[in-house]
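Heads up: the structure comes next, in structure tokens.
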Amino acid sequence: MTTPEPARQSLEGASAELLRLHTDPTLLTVVNVWDVISATVVAETPGTSALATASHSIAASLGYEDGEQIPVDEMIAAIGRITAATTLPVTADLEGGYGDAAETVRKAIGVGVVGANVEDQLKPVAEAAAQVAAIIDAAAAEGVPDFVLNARTDAFVKAGDRDPAAVLDDAVERGRAYLDAGAPVVFVPGKLDEAQVTTLVEAFGPQKLTLIGLPGIPPLARLEELGVARVSYGPLSQRVALTALQRLVEDVLAGGGVPEDTRPLN
């Protein structure tokens, strides 16, 4: 796949901007989207500077379970509809890469993506780092040298009953390996406390750690002070929307109706 020159120039500019947003000391927040209307609403909200897709949410909206159950081309098509609906830089959640992470990233770049989350799925560190390097090489070959790979480690997500200190050490080792392999940022999802966040930022450097905005993590202002690069919300944004929908149904069934402050967003 060879990216046409005008599109290549556009992708270069968008990726450079997305990278700048991550390296800026101001915390980047991205409320994840899953289709064109959610992307439009988020993009048009003042203060939004980038969009991030949520693989879990896209899969759910199309009738698939999470965990790479959706065909990769169907996921890429859904992401492409989102990138076509905005002028903001878009980073995509590509799960573990659907069997070929570098090729999946090439496909994503082909529909306008300039950043991605890719899970390590707790592969051996050397294998996972090699995957990171392959992704960075593939993006460069597509004309996007500033591609913002948000290299995800599942150390906390899949920790089970492991000792938390050992899990943190594992996250540090993996994150450092991914940064050494060329990833600009490392995603460590989990309900982390301030001490854990501090350890990770000290290990990776400022503006290298990204987190998910789970209830109970330190406040956004504090995360910015600690040097976190970005906070995203994964499937939580879709869950908030679906909660509002279910509450409307419950209210209607109880004899009520649409809230008076409902906005005409579609």
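Keep in mind the model is a prediction, meaning the values are calculated, not measured.
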Q. Considering all heavy atoms of both residues, which atom of Val172 and which atom of Phe204 are nearest to each other, and what is their separation?
A. O-CE2, 3.6 Å
Q | Value rounded to 0.5 Å, distance of CG in Leu27 from CZ in Arg222 | A | 13.0 Å
Q. Would you say Ile135 and Leu122 are hydrophobically clustered, going by side-chain heavy atoms of ILVMFWY under 4.5 Å?
A. no
Q | Transitive ILVMFWY side-chain link Val90 to Val41, under 4.5 Å | A | no
**Q.** Verdict with supporting geometry, Val144 and Glu12, side-chain contact (heavy atoms from CB on, under 4.5 Å)
**A.** CA-CA 5 Å; Val144 192; Glu12 285 180 354; 5.8 Å; no
Q: Could you tell me whether the side chain of Gln69 and the main chain of Gly67 form a donor-acceptor pair under 3.5 Å?
A: yes
Q: Please report the closest heavy-atom contact between Gly99 and Glu68, naming both atoms and the distance.
A: N-OE1, 4.3 Å
Q.
Restricting to non-hydrogen atoms, name the atom on Ala183 and the atom on Leu149 that form the minimum distance, rounded to 0.1 Å.
A. CB-O, 3.9 Å
Q) Under 3.5 Å, is there a donor-acceptor pair between the side chain of Ser232 and the main chain of Ile212? A) no
**Q.** Ionic contact status for Asp146 with Arg20, cut-off 4.0 Å
**A.** no
Q: Apply side chain to side chain donor-acceptor pair (under 3.5 Å) to the pair Thr210 and Asn150, showing each step before the final yes or no.
A: CA-CA 8 Å; Thr210 81; Asn150 192 28; 2.9 Å; yes
Q) If only atom types and distance count, is the side chain of Thr199 paired as donor or acceptor with the main-chain N or O of Ala195 below 3.5 Å? A) yes
Q.
Please report the interatomic distance CD(Gln121) to CD(Gln131), rounded to the nearest 0.5 Å.
A. 7.5 Å
Q.
Is there a side-chain contact (heavy atoms from CB on, under 4.5 Å) between Ile82 and Val33? Walk through the geometry before answering.
A. CA-CA 8 Å; Ile82 290 169; Val33 302; 4.2 Å; yes
Q: Output the distance between atom CG (Asn117) and atom CZ (Phe187), rounded to the nearest 0.5 Å.
A: 5.5 Å
Q) Between Val197 and Asp193, is a side-chain contact (heavy atoms from CB on, under 4.5 Å) present by the stated rule, with each step listed? A) CA-CA 6 Å; Val197 172; Asp193 60 29; over 6 Å; no
Q. Distance only, no hydrogens: is a donor on one side chain within 3.5 Å (strictly under) of an acceptor on the other, for Thr53 and Asp93?
A. no
Q.
For the backbone of Tyr233 and the side chain of Ser237, can you confirm whether one donor and one acceptor N or O come within less than 3.5 Å of each other?
A. no
**Q.** Check ion pair Asp261-Arg263 (N to O, under 4.0 angstrom)
**A.** no
Q) Do you reckon Tyr98 sits in the same ILVMFWY cluster as Val111, going by side-chain contacts under 4.5 Å, direct or chained? A) yes
(Q) Counting only heavy atoms not in Lys191 (residues, nucleotides, ligands), do more than 12 fall under 6.0 Å from its NZ? (A) no
**Q.** Thr29 OG1 to Leu211 CG distance, which is reported to the nearest 0.5 Å
**A.** 12.5 Å
Q: Mind listing the closest non-hydrogen atom pair of Leu18 and Ala50 along with its distance?
A: CD1-CB, 3.9 Å
Q. Which atom pair, heavy atoms only, marks the closest approach of Pro25 to Gln207?
A. CA-NE2, 3.7 Å
Q | Interatomic distance, Arg230 atom CZ to His22 atom NE2 [nearest 0.5 angstrom] | A | 4.0 Å
Q: Check whether more than 12 heavy atoms from other residues, nucleotides or ligands sit under 6.0 Å from atom CG of Asn266, and answer yes or no.
A: no
(Q) Any carboxylate oxygen within less than 4.0 angstrom of a Lys/Arg side-chain nitrogen, looking at Arg247 and Asp251? (A) no
**Q.** Separation between CZ of Arg174 and NZ of Lys123, rounded to the nearest 0.5 Å
**A.** 9.5 Å
Q: Sort out for me which residue in Val157, Leu94, Val185 forms a side chain to side chain contact (heavy atoms under 4.5 Å, CB included) with Arg152.
A: Val157
(Q) Would you say CD of Glu65 has more than 12 non-hydrogen atoms from neighbouring residues, nucleotides or ligands within 6.0 angstrom? (A) no
Q: Applying side-chain contact (heavy atoms from CB on, under 4.5 Å), run through Asp35 and Ile58 and close with a yes or a no.
A: CA-CA 7 Å; Asp35 60 10; Ile58 290 175; over 6 Å; no
Q: Examine Leu236 and Leu242 and state if one hydrophobic cluster contains both, with Ile, Leu, Val, Met, Phe, Trp and Tyr joined whenever side-chain heavy atoms are less than 4.5 Å apart.
A: no
Q) According to a 4.5 Å side-chain heavy-atom criterion applied to Ile, Leu, Val, Met, Phe, Trp and Tyr, with indirect links allowed, do Ile37 and Trp34 form part of one hydrophobic cluster? A) no
Q | Minimal non-hydrogen separation, Ile217 against Gly190, with atom names | A | CG2-O, 4.2 Å
**Q.** Ionic contact status for Asp180 with Arg176, cut-off 4.0 Å
**A.** no
Q: Give a yes-or-no answer on whether the side chains of Asp120 and Thr153 include a donor-acceptor pair shorter than 3.5 Å.
A: yes
